[in-house]
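Letters A, B, ... are given to chains in the order of the sequence lines, protein chains preceding strands, and every chain is numbered from 1. Since we're looking at a predicted model, the values are computed, not measured.
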Amino acid sequence: MHPPRPLKCPDCFARVPSPSRGGEARCPHCRRAFRPVLAVPGFRWTQDGRRFSVLSARNPDVRPLKHVFVFENFLHPEVLRLRRRFRLDRLVAPFAREGEFARQRALRHWVSSAWTSGLPSVRAPARVHTLHAGEMFRHASTRGCQYFCTYKAYAMVEFAAALGWNARLVSAGGHMMSELWSNERGKWVFFDSLFNLHVEKEGLPLSCLEIQREYRKNGGRDVEYRWGRRRTLLPADGHEFVHLLPAQFAWFVVWTNANFFDEPNEKGQAFSRLLFRDRHNRRLRWTDASGEGDRYATLPSTRETSDPADIDFPLNVAEILLAAAPGGVRLGLETRTPGLKRLLVRVDGGPWRVFDAGGTIPLKQGRTAIRARSENQAGVRGPESEVVIEER
Amino acid sequence: MVRAAMRKEPPFLLGQQRPRLRVRFWEYFTPGLVSALARAIEAGDGGGVRWFSGEGRTPAGERVGFEWRKGDPGVSFSPGRSRAPEAGGILFEGRIDYWTANLLRNFPVFHLRSKLRLPGGRWADERRV
């Protein structure tokens, strides 16, 4: 359970104590006074003799993260070069009409087909974690080098960044996978770029945490494995990997660094990781076939959390913060957008406009819908937030 | 021909295009996964593959041959009989390029190659850590 949504200053986003009886609050940080309009359905207020209420709200609660996650710099020259060199836009363009998730699947499909999985030491003297996706592809396509799951996951994260998507590594049970943030679905989605698959329940792609919950609930009876761009259904009893999934997701670690170009991981396990450990798995430990245990859990650079919000937090979202103002509402936007380029606002059916901090949105008679979203430096836009206000 | 073609699995480089691809895979498989592969190819996710044939061993230990051709309603399975020399091999035919070859080799049935094993795992006893 999350604590109740805090009251925030629309100017500086600091948490503000409850308003006085007159409905006015004062920000303890910037000292500005304002009359808060809570973006929760049913909230009512009066302004200049007009009575308003919030009819509906789809508005994320942007809170500071307890554990820092670092994503790739979308403007890093090597990231831009990946996009150009591999013509990634052309690669995913045929799936544009099907939406962002289809384009992300197209990228995963391509990454899976970029080289054959195998031990790099067999055919190439590659050092683990030091090769970037472009180099791996060059070695594979010209010399037949092979790279296993860890490399595939690294490549997926780098190629995703080249298209402006946030991705991160996930390790579980000796297997390396990734999660991509889906702006379309407003959630993290598990991607296995070696097996070229993801996991769905009732047509919705799941995150690692959700997969773990499904296995705890009923052994994963309700989940489906989907392969390739076209989401081909794989049989649940089909493969050793499928049988291993319950154990693999009994615990997993999420890598908190995904900025491999800005901060190359030249010393192997240098990045920090976040382990989700709660009452279900706190007494358990992982052992691999060799009997070694806690491959990641015991490393000093692994931190632990029992709060799902520390892992499945939203990205690229804009929280709408409102204050009553003459003739309308004053709008503030707080966002968690790595590589933020700009914030956009749209009122009713009008065009998206660049957010002007401190501006007032007039409220007309009837309903007024205020929408907001962020856009990152790669031009990718996040999920829409929306608050609908009605004059009573 | 199938027997000879499956003995060796040469590397596939960018720009190459071949009419055949042979893939060794983990000996055990389930017919359901091979059927899924056929469905994926039929749906357009398998490059230019038009036909495949191979043999595996079910988890129960039974040797099963299988064959599929583009347009077929499904994969035909022949328990105990196949054109493959041994369980754990498959031969693809069609227009196979670098990308298709990698995609097929990484398909969940086939990626477990002779020198690569997915690390086995199990829950340890209820030991406190």
Side-chain angles (χ1 to χ4, degrees), chain A residues 109-110 112-119 122-123 137-138 140-146 148-149 152 172-175 193-197 225 227-242 244 246-248 250 282-291 293-295 297-298, chain B residues 9-16 21 23-47 58-59 96-129:
Chain A
H109 189 83
W110 180 80
S112 182
S113 65
W115 57 77
T116 297
S117 173
L119 290 175
V122 175
R123 290 183 181 170
F137 177 79
R138 182 164 54 82
S141 61
T142 59
R143 291 156 48 191
C145 294
Q146 301 179 350
F148 54 80
C149 58
K152 285 272 184 196
H175 187 43
S193 48
L194 188 158
F195 291 97
N196 191 14
L197 57 79
Y225 300 86
W227 184 87
R229 296 173 297 194
R230 317 276 180 193
R231 300 170 53 247
T232 300
L233 178 65
L234 298 181
D237 64 344
H239 193 263
E240 186 182 7
F241 175 70
V242 173
L244 278 177
Q248 289 198 321
R282 72 173 187 271
R283 284 165 53 82
L284 299 171
R285 55 175 279 168
W286 174 266
T287 58
D288 63 16
S290 68
D294 288 340
R295 183 178 301 201
T298 57
Chain B
E9 194 180 306
F12 219 121
L13 303 181
L14 189 64
Q16 293 179 334
L21 173 74
V23 178
R24 300 280 309 155
F25 64 93
W26 185 234
E27 186 175 358
Y28 293 91
F29 82 113
T30 64
L33 260 182
V34 173
S35 298
L37 173 66
R39 284 200 307 274
I41 296 171
E42 198 72 74
D45 266 0
T58 66
I96 297 161
D97 60 10
Y98 173 79
W99 306 95
T100 304
N102 291 327
L103 199 66
L104 295 172
R105 286 168 168 171
N106 291 339
F107 191 79
V109 165
F110 310 124
H111 92 284
L112 290 174
R113 317 178 67 75
S114 59
K115 293 185 177 178
L116 176 65
R117 291 283 186 278
L118 192 70
R122 63 178 174 81
W123 286 108
D125 296 334
E126 294 265 318
R127 280 186 288 176
R128 185 180 290 278
V129 292

Separation of [Y] [atom2] from [X] [atom1] (nearest 0.5 Å):
X: A/N196; Y: B/L103; atom1: CG; atom2: CG; answer: 6.0 Å
X: A/W115; Y: B/L14; atom1: CH2; atom2: CG; answer: 13.0 Å
X: B/L33; Y: A/Y225; atom1: CG; atom2: OH; answer: 11.5 Å
X: A/C149; Y: B/N106; atom1: SG; atom2: CG; answer: 11.0 Å

For this session: Give, as side chain, backbone, both or neither, the part of A/S141 having an atom under 4.5 angstrom from any heavy atom of chain B.
Result: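 Both parts, backbone and side chain.
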
Problem set entry | Heavy-atom contact with chain B under 4.5 Å, split by part of A/S112 |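 Both parts, heavy atoms under 4.5 Å.
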
Check whether any side-chain N or O of [X] sits under 3.5 Å from a backbone N or O of [Y] as a donor-acceptor pair, and report yes or no.
X: A/R229; Y: B/G44; answer: yes
X: B/N102; Y: A/T116; answer: yes
X: B/Y98; Y: A/S113; answer: no

For this session: Return the orientation label for the B/W99 and A/F137 ring planes: parallel under 30°, perpendicular over 60°, tilted otherwise.
Result: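 Parallel.
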
Exercise. Nearest heavy-atom pair of A/P235 and B/A36: which atoms, and what distance?
Worked result: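 Scanning both residues completely, I find the closest heavy atoms to be CD-CB, 4.0 Å.
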
Exercise. Between B/A43, B/G15, B/G47, B/S35, which shows the greatest number of heavy-atom pairs under 4.5 Å with chain A?
Worked result: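 Of the options given, most contacts go to B/A43.
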
